[in-house]
Amino acid sequence: MNKIDILLGLQWGDEGKGKVVDALTPNYDIVARFQGGPNAGHTIEFEGKKFVLHNIPSGVLTPGCVNLIGNGVIIDPHILKDEIENLSKAGFNLRQTLMIANRAHLILPSHRALDAANEKALGKMKVGTTLKGIGPTYTDKTARKGLRIGDIASPDFRNRYESLKQHHLRQMTAVDFDLNGLQLDGVSFYEYEKLWFEGVEYLKQFQFVDGEYFLNEALDNGKKVLAEGAQGSMLDVDFGSYPFVTSSSVIAAGVCSGLGVAPSRIGKVYGIFKAYCTRVGTGPFPTELFDETGETLRQNGHEFGATTGRPRRCGWLDLPALKYAVILSGVTDLMMMKSDVMDEFETIKVATAYRYNGKETKQLPFAACTETMEPVYTELPGWQQKISNGIPEKLESYIKFIENYVGVPIKFVSYGPDRTQNILR
Ligand code: GDP
Ligand code: IMO
Ligand code: MG
């Protein structure tokens with residue numbers, strides 16, 4: 001019985017999932033996204049070309065690979081149309097290879113407006129969302145009010161759209177939010193609504209499937225399937241630093257509900273992390289650096305958001321958080337990204353515990369958002385050389401230190417954005 005492998009981020013997102021999924025795709029027949037939506041920005045680089053994907057799985061740049069947008073994903077038809085058209089201009093035609101699960105929920109323009117309204121109402125306590133409508137769409141899904149991709153063929157789709165929109169407008173009035181002043185990706189709400197309906201029509205030419213049957217049959221027939229995560233474990237709605245999280249189940253468990261595959265069908269779990277940490281948006285980040293070292297990480301690592309362009313907060317590797325993420329998803333293989341960003345560092349620090357409430361602990365406390373956690377660091381020597389073919393001795397020591405702490409082998413080391421810049425261990 002074939003099993004589904006999973007690749008997911010272990011930090012606060014942007015670990016390099018897009019690059020690795022693309023690099024692994026030649027070993028798979030199907031790549032499937034299981035959660036999140038266009039809040040994701042997954043970058044893939046090869047032959048001097050660069051692609052950033054938001055709603056589409058990162059297997060699309062490999063000829064012959066089938067890509068499924070799973071039921072756990074939420075879709076903005078305008079953003080998806082834009083993405084498909086851009087890929088088509090670059091020579092990647094997705095008509096035959098892109099599948100969309102009927103049960104995937106739709107992000108309405110008014111979900112995006114509500115996202116903005118909620119953030120405004122929170123003021124200083126805002127989450128710093130990507131403003132793509134993620135929270136409001138998952139809220140409606142759970143509240144049993146949402147619209148799904150499979151609904152767009154229904155004759156009363158427009159009525160159902162209007163009634164959900166009216167519900168949102170009432171919520172906006174309650175927080176005194178003025179829709180007329182809103183810009184969505186540079187256009188007014190009403191203009192966006194038009195583009196959104198064009199997106200809905202456009203998507204009708206693609207294959208809508210019952211993803212759960214499609215995937216389980218594919219596995220029964222010996223196909224190899226990779227599930228691609230979005231965001232990162234520390235943004236998980238249950239286990240992240242709530243309420244500064246996204247609204248979906250980012251960990252391995254999300255694959256079962258986000259694609260309709262049973263836990264017994266899960267194979268390898270690839271967990272991916274950067275050799276340091278970054279975070280966009282608000283929320284605790286114990287190892288964050290506000291000094292020159294933080295700025296060097298940001299500049300060397302080009303740490304600016306792939307979706308929003310925001311500068312990413314940067315800091316040292318946080319091992320208690322990494323271990324937590326590994327436990328939550330049962331990670332079998334680790335992949336370390338962006339080690340090249342620290343090539344010139346003389347010394348490197350890693351957090352091995354937190355000082356919290358006068359005690360030292362290796363566990364993330366429940367009250368992480370309200371209490372100060374001071375990291376306890378171990379200092380290691382930098383490798384101070386470029387990585388290309390082999391792994392320098394001191395980088396090998398850094399890797400072994402992480403493996404010893406976390407208890408899972410690091411099998412893959414990435415040292416550049418190109419799909420070929422990897423070393424297998
Ligand atoms: P994702 O959301 O997890 O797919 O990651 P993003 O695409 O948002 O951010 C990762 C960024 O790092 C992208 O710009 C990648 O091209 C780049 N990248 C990936 N791996 C490496 C690496 O090993 N070294 C360097 N320098 N850049 C990398
Ligand atoms: P990828 O897949 C990094 C963050 C936002 C915000 C919080 C909630 O590229 O790794 P949301 O719009 O989801 O309601 O925002 O989550 N966030 C991400 N940060 N990478 C991402 O995706 C993210 N998706 C959401 O910045 O703090
Ligand atoms: Mg990203």
Legend entry - Tyr242, OH atom: more than 12 neighbouring heavy atoms under 6.0 Å: no
Inset, instruction - Dump the intermediate steps for side-chain contact (heavy atoms from CB on, under 4.5 Å) on Phe51 and Asn86, then the final yes or no. - result: CA-CA 9 Å; Phe51 298 88; Asn86 284 336; over 6 Å; no
Inset, instruction - In plain terms, say whether Arg103 and Glu212 are close enough for a salt bridge, that is, a side-chain N and a carboxylate O under 4.0 Å apart. - result: yes
Legend entry - Flag if over 12 foreign heavy atoms under 6.0 Å of CG, Asp291: yes
Legend entry - From Lys204 atom NZ to Ile152 atom CD1, the distance as rounded to the nearest 0.5 Å: 5.5 Å
Inset, instruction - Could you give me the CA-CA distance, side-chain angles and deciding distance for Asp343 and Tyr415, then say whether side chain to side chain donor-acceptor pair (under 3.5 Å) is met? - result: CA-CA 9 Å; Asp343 274 354; Tyr415 61 91; over 6 Å; no
Inset, instruction - Could you please spell out the steps behind the side-chain contact (heavy atoms from CB on, under 4.5 Å) verdict for Val326 and Leu10? - result: CA-CA 7 Å; Val326 163; Leu10 300 178; 4.1 Å; yes
Legend entry - Any donor-acceptor pair under 3.5 Å from Thr25 side chain to Val60 backbone: no
Inset, instruction - Using only heavy-atom distances, determine whether the side chains of Thr137 and Lys141 contain a donor-acceptor pair under 3.5 Å. - result: no
Legend entry - Residue pair Phe34 / Asn71, side-chain heavy-atom distance below 4.5 Å: no
Legend entry - Lys223 atom NZ, neighbour heavy-atom count above 12 within 6.0 Å: no
Inset, instruction - Could you tell me whether the side chain of Asp5 and the main chain of Lys268 form a donor-acceptor pair under 3.5 Å? - result: yes
Legend entry - For Gln231, the option from Thr246, Asn39, Thr130 that meets side-chain hydrogen bond (donor to acceptor under 3.5 Å, both in side chains): Asn39
Inset, instruction - Please check if the side chain of Glu228 supplies one atom and the backbone of Val31 the other of a donor-acceptor pair under 3.5 Å. - result: no
Inset, instruction - Decide whether His111 and Asp140 meet the rule of one side-chain donor and one side-chain acceptor closer than 3.5 Å. - result: yes
Inset, instruction - Using the ring of Phe285 (Phe, Tyr or Trp, six-membered ring only), decide whether Arg313 places NZ or CZ under 6.0 Å from its centre and within 45 degrees of its axis. - result: no
Inset, instruction - Measure the shortest side-chain to side-chain distance between Phe273 and Leu317 over non-hydrogen atoms and say whether it is less than 4.5 angstrom. - result: yes
Inset, instruction - Determine the sole option in Lys81, Lys132, Glu83 for which the side-chain contact (heavy atoms from CB on, under 4.5 Å) test with Asn55 is passed. - result: Glu83
Legend entry - Aromatic ring proximity, centroids under 6.0 angstrom, Trp196 and Phe189: no
Legend entry - Separation of Leu61 CG from Ile44 CD1 (nearest 0.5 Å): 4.5 Å
Inset, instruction - Taking the six-membered ring for Trp and the single ring otherwise, decide whether the centroids of Phe412 and Tyr270 are under 6.0 Å apart. - result: no
Legend entry - pair Ile399-Met336: side-chain heavy atoms closer than 4.5 Å: yes
Legend entry - Residue pair Leu164 / Leu108, side-chain heavy-atom distance below 4.5 Å: yes
Legend entry - CG-OG distance between Leu328 and Ser249, expressed to the nearest 0.5 angstrom: 9.5 Å
Inset, instruction - Indicate the atoms forming the closest heavy-atom contact of Phe239 with Asp236, along with that distance. - result: N-OD2, 3.0 Å
Inset, instruction - Could you tell me whether a side-chain N or O of Tyr354 sits under 3.5 Å from a main-chain N or O of Gln363, the two making a donor and an acceptor? - result: no
Inset, instruction - Mind listing the closest non-hydrogen atom pair of Ile6 and Ile266 along with its distance? - result: CD1-CG2, 3.7 Å
Legend entry - Minimum side-chain heavy-atom gap Phe214-Ile30 below 4.5 Å: yes
Inset, instruction - May I ask you to check if Arg148 and Phe208 form a cation-pi contact, with NZ or CZ under 6.0 angstrom from the six-membered ring centre and within 45° of the axis? - result: no
Legend entry - Over 12 non-hydrogen atoms of neighbours within 6.0 angstrom of CD in Gln96: no
Legend entry - Single hit among Tyr202, Tyr161, Tyr192 for ring pair (Phe, Tyr, Trp, His ring centres under 6.0 Å) with Phe197: Tyr161
Legend entry - Check: Arg279 side chain, Thr282 main-chain N or O, donor-acceptor pair, under 3.5 Å: yes
Inset, instruction - Answer yes if the side chains of Gln35 and Tyr138 hold a donor-acceptor pair under 3.5 Å, and no otherwise. - result: no
Inset, instruction - Run the numbers on Val413 and Asn422 for side-chain contact (heavy atoms from CB on, under 4.5 Å), then give the verdict. - result: CA-CA 6 Å; Val413 178; Asn422 313 305; over 6 Å; no
Legend entry - Over all atoms of both residues, closest heavy-atom pair of Pro320 and Ala351: CD-O, 3.3 Å
Legend entry - Which atom of Trp12 lies closest to which atom of Met234, heavy atoms considered: NE1-CB, 3.4 Å
Inset, instruction - Could you tell me which non-hydrogen atom of Glu15 sits nearest to which non-hydrogen atom of Gly232, and how far apart they are? - result: OE2-CA, 3.7 Å
Legend entry - Asp333 side-chain N/O to Lys411 backbone N/O, donor-acceptor pair under 3.5 Å: no
Legend entry - Charged N-O contact under 4.0 Å between Arg112 and Asp185: yes
Legend entry - Worked verdict on Arg419 versus Asp22 for salt bridge (charged side-chain N to carboxylate O under 4.0 Å, His left out): CA-CA 7 Å; Arg419 61 155 70 134; Asp22 170 68; 2.7 Å; yes
Inset, instruction - Calculate, to the nearest 0.5 Å, the distance between atoms CD1 and OG1 belonging to Ile348 and Thr293 respectively. - result: 11.0 Å
Inset, instruction - Could you check if a side-chain atom of Asp318 sits within less than 4.5 angstrom of a side-chain atom of Pro286, using non-hydrogen atoms only? - result: yes
Legend entry - Under 3.5 Å: donor-acceptor pair, side chain of Thr62, backbone of Cys65: no
Legend entry - From Thr173 atom OG1 to Gln171 atom CD, the distance as rounded to the nearest 0.5 Å: 9.5 Å
Legend entry - Donor-acceptor under 3.5 Å (Glu119 side chain, Thr129 main chain): yes
Inset, instruction - Give a yes or no answer on whether the side chain of Arg298 reaches the backbone of Arg312 with a donor-acceptor pair at less than 3.5 Å. - result: yes
Legend entry - Check: Tyr377 side chain, Trp316 main-chain N or O, donor-acceptor pair, under 3.5 Å: no
Inset, instruction - Could you tell me which non-hydrogen atom of Ser339 sits nearest to which non-hydrogen atom of Ser414, and how far apart they are? - result: OG-O, 3.0 Å
Inset, instruction - Measure the spacing between NZ of Lys19 and CE of Met335 and express it to the nearest 0.5 Å. - result: 10.5 Å
Inset, instruction - Kindly indicate whether the side chain of Met99, heavy atoms from C-beta on, has any atom under 4.5 Å from the side chain of Val66. - result: yes
Inset, instruction - Please determine if Glu303 and Lys274 form a salt bridge, counting it only when a charged side-chain N lies under 4.0 Å from a carboxylate O. - result: yes
Legend entry - Criterion side-chain contact (heavy atoms from CB on, under 4.5 Å) on Lys17 and Met337, from CA distance to verdict: CA-CA 9 Å; Lys17 297 175 290 292; Met337 310 300 288; over 6 Å; no
Legend entry - Sub-4.5 Å side-chain heavy-atom contact between Leu106 and Pro77: yes
